[in-house]
Each structure stands twice: as structure tokens, then as C-alpha cells.
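Each remark here refers to the structure printed beneath this line.
Each chain gets a letter, A, B and so on, in the order the sequences are listed, and its residues count up from 1.
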Number of protein chains: 2
Amino acid sequence: MTNGRPDLAAMLARLARQLIAIEQPILAEHDVSMWGYAVLTALRDEPMRTQAALARSIGADKTRIIGILDELQRRTLIEREPDPADRRVRLLRLTPAGRDLHSAVQAEIRSAEETMLGQLDDEERHFFLQALENLHRT
Amino acid sequence: MTNGRPDLAAMLARLARQLIAIEQPILAEHDVSMWGYAVLTALRDEPMRTQAALARSIGADKTRIIGILDELQRRTLIEREPDPADRRVRLLRLTPAGRDLHSAVQAEIRSAEETMLGQLDDEERHFFLQALENLHRT
DNA sequence: TATTGTTATACTCTATAACTATA
DNA sequence: TATAGTTATAGAGTATAACAATA
């Protein structure tokens, strides 16, 4: 007889779905999609030299982020200019407005996460987050 | 400045995707889909009286599991008979073959999970799983 | 009239391949 | 010829609404 717990993937997928549902209203209020927010997050950590690299870093396809970049650029949340040294590639970075929007959204998301994390006691919470970060880095 | 960790949803979603990718070959080898396996798992824990309840319990839509139930029934992995007391509803339960298949697949999945859980030390692993189970029950 | 299961339809997401412009 | 970005197309997955059978 296998251990009584549910499968790992089932638990993780369900929690992820739940959390995404919680965050949806926040993103909608700021008129940004999940992938748009992922792009802002990736660019906040470091500017990128190619769209393909950006796509890879958020686990998406290079063809899929184009519409997202179009929209973010139209709203002047990101800059996207051809590299003078190689005019095929686009240099990507956040504008001040993009940075502000990201900060505002992330703050609300962090607060919303508490509805989930708040159910854990201190010890569980600490090791849960530590384990998640360790696994995520791998 | 917010805490340096990535957003919770980003970490959970990525780990879930990773784990699902790891399990895909196992499911394929046994010729069962992710949702098919989810159905077998749900029915192993307890037989169900309606398809809608089953769908809800695995986070799916009642219209979406029909094809899956058709297939599982065709392979005689589940039984699906009208309730004599209310012929609108279908009583659902695993056949012995369904139970065997589920056990075999789950054993392999548990083993595959170790490639991820094995990266944690004992303390992290213990509280990580405990926290996941607590959150999952909620 | 309400409910269970089913079917049909449309919509969203995603993956693949073809195209352009540079190199 | 190879690469970055773009566009077009098709496929899978999903949600919604309409339908038939039963209560």
C-alpha cells in the first residue's frame, strides 16, 4: 500500500491553480495578463538582450510572447529597441512606469498569498518556502 | 522592496509543470492520460455516485470527463452502471483491473517523485510534505 | 420544473512551420 | 547559411450552451 498522501503533482498543480485564481482579479484590475506580469517580473530582475532568452526564462515560447511585448510596449511599460551592434535583436528593459506597475501588482500578490500561507504554522511556513526556493533554483 | 523570493504561484506552477513532464512517460507507457489517472485515483479512494461529483473532486468539468470515462470503461478499468434507484445517475467504481493499473502507475510515479524530493534534506522534506498536505486538504 | 448525463459549438492556448530582415 | 523576430496555420484543451432522459 502506498503512502496515504496524494501524488505530489496533484497537490502542486491544485495549489498552483488555486493561487492563480486568487491572483486573477489583481492582475485584471491592473489590466495585465499572467504572462504580461511574468515578463515584467523577469525584466525587473535583469534586462535582456533577446526576446528568445526572455521567453525561455519564463518557460514560454518565443512566438507566444510577441503579442504580450507589443501590448506592454504600447503602454510604455517596457522599452524594446534594436541593438545597434546587431539589428536583428531587440534590447528589452523596464520603463519606470513598468517598474512601478510591477511593484504595485507584486505587493498585492504578496498580500494575497497570505490567505494561503497564513494557514501554516511558523515552522511549516519556513521550511515550505525554503524547500520551494531550493527546488525552484534547480 | 519585496522579499527576494519569486512569487508563490510562479514557483508552484513551475514545479507542477516539471513534475507532470517527469510523469508523462510513465502514463504514456501504461496508455493512460493525466486525467484518466486522476479519475482512477479518485475512484480508488471511494466509489462515486455521480459523474459530476467525480469531475468536481478532480477539479475538472463534468463535460470534460465523459470521453475519459468512455475510454476507461471500454478498457474495463472502471464500472459505470445506472443507479436502479435513480436512473439518471451513473454509479462509478474501479474494477480489479483498474485497481491494479492504478497501483502499478502510482508506484512508478512515487519513485519518479524522488528525483525531486531527493534534493531536499530530511527536515525540509518533512515539513514541505506536511505543509502541502495541510494546504491540499483546505 | 429540476437534475444527470450527453452532445455541439465556440473560444482560448499552444505548438509548428513558413516568412523577413539582418548577419 | 544561419539567426532573431514575426506571422499564419493548425491542433489541443477548455468552457458554454443546448439537448435527451429521468425524476
TODO: Dump the intermediate steps for side-chain contact (heavy atoms from CB on, under 4.5 Å) on A:Y37 and A:Q106, then the final yes or no.
DONE: CA-CA 9 Å; A:Y37 176 67; A:Q106 187 171 58; 3.4 Å; yes
Open item on the list: What is the separation between atom CD1 on B:I68 and atom C1' on D:dG13, rounded to the nearest whole Å?
Closed with: 11 Å
Task: Whole angstrom value for the distance that separates C1' of C:dG5 from CG of B:L91 - done: 13 Å
Check: residues 89-97 of chain A side-chain donor-acceptor pairs under 3.5 Å, at least two apart:
residue: A:R90; atom: NH1; partner: A:R87; partner atom: O; Å: 3.4
residue: A:R93; atom: NH1; partner: A:E79; partner atom: OE1; Å: 2.3
residue: A:T95; atom: OG1; partner: A:T76; partner atom: O; Å: 2.8
residue: A:T95; atom: OG1; partner: A:L77; partner atom: O; Å: 3.1
residue: A:T95; atom: OG1; partner: A:A97; partner atom: N; Å: 3.4
residue: A:T95; atom: OG1; partner: A:G98; partner atom: N; Å: 3.0

Open item on the list: Expressed as a whole number of angstroms, how long is the span from B:I66:CD1 to C:dT9:P?
Closed with: 16 Å
Using a cutoff of under 3.5 Å, can you pull out all pairs of nitrogen or oxygen atoms linking the protein to nucleotides 1-4 of chain C, with atom names and distances?
residue: C:dT3; atom: O4'; partner: B:R88; partner atom: NH1; Å: 3.3
residue: C:dT3; atom: O2; partner: B:R88; partner atom: NH1; Å: 3.1

TODO: Locate the shortest heavy-atom distance separating A:M34 from A:L27; write the atom from each residue and the value.
DONE: CA-CD1, 3.9 Å
Open item on the list: Expected output is a numbered-order residue list: members of residues 11-20 of chain B with a heavy atom under 4.0 Å from any atom of DNA chain D. What is it?
Closed with: none
TODO: For the pair A:D121 (side chain) and A:E123 (backbone), establish whether a donor and an acceptor sit closer than 3.5 Å, ignoring hydrogens and angles.
DONE: yes
TODO: Could you check how far CZ of B:R87 sits from C1' of C:dG5, rounded to whole Å?
DONE: 14 Å
Open item on the list: Measure CD1/B:I65 against C1'/C:dG5 and give the value in whole Å, please.
Closed with: 10 Å
Open item on the list: Applying side chain to side chain contact (heavy atoms under 4.5 Å, CB included), can you list everything that pairs with A:E71, at least two apart in sequence or on another chain?
Closed with: A:R74, A:R75
Pull out every protein N or O sitting under 3.5 Å from an N or O of nucleotides 14-16 of chain D, one pair per line with the distance.
residue: D:dA15; atom: OP2; partner: B:R64; partner atom: NH1; Å: 2.6
residue: D:dT16; atom: O4; partner: B:T63; partner atom: OG1; Å: 3.4

TODO: Mark yes or no for whether B:E108, through its side chain, and B:I26, through its backbone, hold a donor-acceptor pair below 3.5 Å.
DONE: no
Task: DNA chain D contacts made by residues 72-79 of chain B, counting heavy atoms under 4.0 Å - done: none
